[in-house]
Amino acid sequence: LLSSLFSLTFYHRSRPEYQKPPEFFYDRKEAESYTTSSRYQEIQRKMTERALHLLQLNEPGMLLDVGCGTGFSGDVITDAGHEWIGVDISKDMIDVGIEREASGDMTLTDMGNGMHFRAGVFDGVVSISALQWLCNADKKVNIPKRRLNRFFDSLYKCMCTGSRGVFQFYPDGAKQIELITSCATRNGFNVEVVIDYPNSTRAKKFYLVLFAGRPNSSYQLPRGLEIGEDFYGEGNNGSSSSSSNEIQSGSMNAKQKKKRRGRSDGSDRDFKSRDWIMKKKDRQRKQGKSVKRDSKYSGRKRRDKF
Amino acid sequence: MKLLTHNMLTCAIPDCVKKDAGFPLVITEVEELENEDNEFNKNFLVRMLPRLEYAALVDAAAACGVEDMPEEMPEDAEEQEEFLQALHGVLNNIDVVKGTMKCENCGREYPITNKVPHMLLNEDEV
């Protein structure tokens with residue numbers, strides 16, 4: 001119990017949303033670390049490329065980047081041939097973006113107060129690691145549901161009919177995904193969720209795909225990726241991803257945990273049998289870990305030493 | 001802030017949003033301008049033509065010192081290379097570094113500093 005409590009607090013501490021409101025969390029120091037860390041940039045670039053892939057625009061268009069930060073994702077959008085306008089709540093992030101001459105315009109906006117653009121001006125929306133911030137109640141005036149509704153309502157208006165939006169985000173659990181998808185649906189969007197690398201805790205990525213108006217019949221949603229797969233070579237023939245109601249929570253509830261513990265206390269004969277080991281190795285292979293190859297010795301008991 | 005962005009921005013005050021009256025934000029003050037030399041992308045520009053609010057653009061250009069834009073958009077605008085070049089110059093190359101915008105409906109002012117329009121609302125305005 002103690003260890004699970006500890007991991008719970010640690011988990012909470014590791015998520016920036018629980019520390020400070022975004023305009024304070026993304027301060028000068030944090031903003032600069034984004035421009036100097038090649039690891040951040042690599043992850044950011046990959047996610048933006050994947051988001052553009054899910055967006056599947058055929059012509060150069062005007063895109064909105066929600067939570068543009070230092071405009072790094074925007075540069076990837078420019079490289080793909082589009083123009084973009086970014087919005088972010090952190091002045092420090094935008095200032096660093098201006099200094100490094102990001103390729104698009106940026107405005108200081110709180111997404112929870114809505115997007116303030118004329119109707120039907122954007123061909124698509126991209127957002128990297130921003131949506132989960134909307135679910136925070138970090139101030140007295142911030143009611144997540146109200147902020148989500150205001151955001152999606154105003155977003156729908158400024159998108160062209162038939163256009164799409166792709167939001168990469170880090171949900172806190174199944175409940176949060178449900179809250180987000182239900183708010184988006186209520187404001188007129190058709191909603192899909194694509195999960196890349198679902199078997200890996202670390203590499204797992206959620207993409208919320210929103211359709212404003214009737215989806216174009218030529219568009220087919222790419223499926224989620226598995227470990228080792230890349231989307232560059234993938235055609236459009238993948239089957240549609242799991243819909244939102246099929247998503248399962250990554251964390252077990254207490255009841256499940258108890259049940260599982262009870263099984264391993266000797267009553268379970270399969271425990272550490274060859275079958276059990278093979279299953280575990282299989283699972284770890286799927287997670288992309290390096291696993292020793294199977295042989296006739298796998299799972300065999302060692303000879304007793306005298 | 002480029003004038004292309006200005007041509008899309010609306011007032012953030014909920015009442016203006018509800019009444020659809022928050023456009024355009026009139027550029028009341030320009031303290032600093034920058035002229036950039038961005039790439040001319042005809043495809044993109046032609047795609048954007050039907051989405052522009054041309055009258056608002058002419059006013060915004062005038063506020064930034066460009067007075068020679070035609071009053072109305074030519075009907076065959078996509079074929080007039082000269083007009084497209086002028087449009088590109090206004091939309092993509094003028095960058096307001098410091099200035100002020102004002103909503104005509106509610107009177108709320110939005111400052112532009114360091115090329116960034118500040119659209120954040122105070123708690124009592126939400």
Side-chain angles (χ1 to χ4, degrees), chain A residues 22-23 57-64 68 71 78 81-99 101-123 139-143 146-147 150 153-154 157-160 163, chain B residues 1-14 16-18 20-25 34 36 38-39 41-53 56-57 88 91-92 94-98 101 103 108 110-126:
Chain A
E23 62 270 40
L57 294 169
N58 302 321
E59 290 175 272
M62 188 80 210
L63 300 193
L64 174 67
C68 62
T78 303
H82 308 290
E83 299 276 332
W84 60 279
I85 291 178
V87 299
D88 205 287
I89 194 172
S90 161
K91 189 170 178 303
D92 286 313
M93 291 289 262
I94 291 183
D95 280 346
V96 169
I98 296 282
E99 276 163 39
E101 299 192 343
S103 46
D105 257 6
M106 294 176 274
T107 75
L108 198 59
T109 304
D110 178 5
M111 65 197 283
N113 284 340
M115 297 290 106
H116 311 298
F117 295 99
R118 263 194 306 118
V121 287
F122 293 111
D123 296 299
K139 285 180 212 152
K140 210 173 167 188
V141 290
N142 287 358
I143 300 161
R146 190 186 294 164
R147 283 166 63 77
R150 219 181 284 142
D153 178 43
S154 58
K157 279 182 198 146
C158 68
M159 290 167 72
C160 291
S163 66
Chain B
M1 180 194 67
K2 288 179 197 160
L3 293 193
L4 177 62
T5 308
H6 171 263
N7 204 262
M8 297 178 175
L9 275 179
T10 63
C11 180
I13 300 290
C16 296
V17 175
K18 209 191 288 168
D20 208 6
F23 187 85
L25 296 173
E34 216 174 85
E36 292 174 355
N38 288 309
E39 202 183 328
N41 182 344
K42 191 179 170 185
N43 267 351
F44 174 76
L45 209 57
V46 169
R47 244 177 93 91
M48 289 307 290
L49 280 179
R51 271 182 243 171
L52 290 177
E53 280 286 345
L57 181 67
H88 166 72
L91 278 178
N92 293 322
I94 295 180
D95 209 343
V96 182
V97 180
K98 198 165 166 28
M101 298 183 290
C103 172
R108 169 73 146 90
Y110 297 94
I112 305 162
T113 56
N114 194 20
K115 299 186 184 176
V116 178
H118 289 231
M119 306 302 291
L120 292 179
L121 297 180
N122 301 326
E123 281 180 14
D124 58 330
E125 290 173 316
V126 176

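The chains referred to below are lettered A, B, ... by the order of the sequence lines, with proteins before strands, and numbering in each begins at 1.
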K.L.:
Measuring heavy-atom distances to chain A, does V126(B) have an atom under 4.5 Å in its side chain, in its backbone, in both, or in neither?
P.N.:
side chain
K.L.:
Compare all side-chain heavy atoms of M1(B) with those of T107(A) and state whether any distance is below 4.5 angstrom.
P.N.:
no
K.L.:
Rounded at 0.5 Å granularity, tell me how far CG in D123(A) sits from CZ in R51(B).
P.N.:
4.0 Å
K.L.:
Hey, what do you get for CG (L9(B)) to CG (D105(A)), rounding to the nearest 0.5 Å?
P.N.:
8.5 Å
K.L.:
Less than 4.5 Å apart, any side-chain heavy atom of M119(B) and any of V87(A)?
P.N.:
no
K.L.:
Heavy-atom pairs under 4.5 Å with chain A - which of N7(B), N43(B), D20(B) has more of them than the others?
P.N.:
N7(B)
K.L.:
For R47(B), which atoms come within 4.5 Å of any heavy atom of chain A: side chain, backbone, both, or neither?
P.N.:
side chain
K.L.:
Could you have a look at C11(B), P24(B), A12(B), C16(B) and say which one has the most heavy-atom pairs with chain A under 4.5 angstrom?
P.N.:
A12(B)
K.L.:
If I take atom CH2 from residue W84(A) and atom OG1 from residue T5(B), how far apart are they, to the nearest 0.5 angstrom?
P.N.:
9.5 Å
K.L.:
In Å and rounded to the nearest 0.5 Å, what is the CG to NZ distance from D95(A) to K115(B)?
P.N.:
11.5 Å
K.L.:
So for N38(B), is it side chain, backbone, both, or neither that comes closer than 4.5 Å to the heavy atoms of chain A?
P.N.:
neither
K.L.:
Return the CE to CG distance between M106(A) and N114(B), rounded to the nearest 0.5 Å.
P.N.:
9.0 Å
K.L.:
Please rank M115(A), R150(A), E83(A) by heavy-atom pairs under 4.5 Å with chain B and give me the top one.
P.N.:
E83(A)
K.L.:
Hey, which of I89(A), N113(A), I94(A) has the most heavy atom pairs under 4.5 Å with chain B?
P.N.:
N113(A)
K.L.:
Is any side-chain heavy atom of D110(A) closer than 4.5 Å to a side-chain heavy atom of L121(B)?
P.N.:
no
K.L.:
Rounded to the nearest 0.5 Å, how far apart are CG of L108(A) and CD1 of I112(B)?
P.N.:
12.5 Å
K.L.:
Are L4(B) and M62(A) close enough, and set up right, to give a side chain to side chain contact (heavy atoms under 4.5 Å, CB included), and what steps lead you there?
P.N.:
CA-CA 11 Å; L4(B) 177 62; M62(A) 188 80 210; 4.1 Å; yes
K.L.:
Below 4.5 Å from any heavy atom of chain B, which atoms of C160(A) appear? Answer side chain, backbone, both or neither.
P.N.:
side chain
K.L.:
What part of E125(B) gets closer than 4.5 Å to chain A, counting heavy atoms only: side chain, backbone, both or neither?
P.N.:
neither
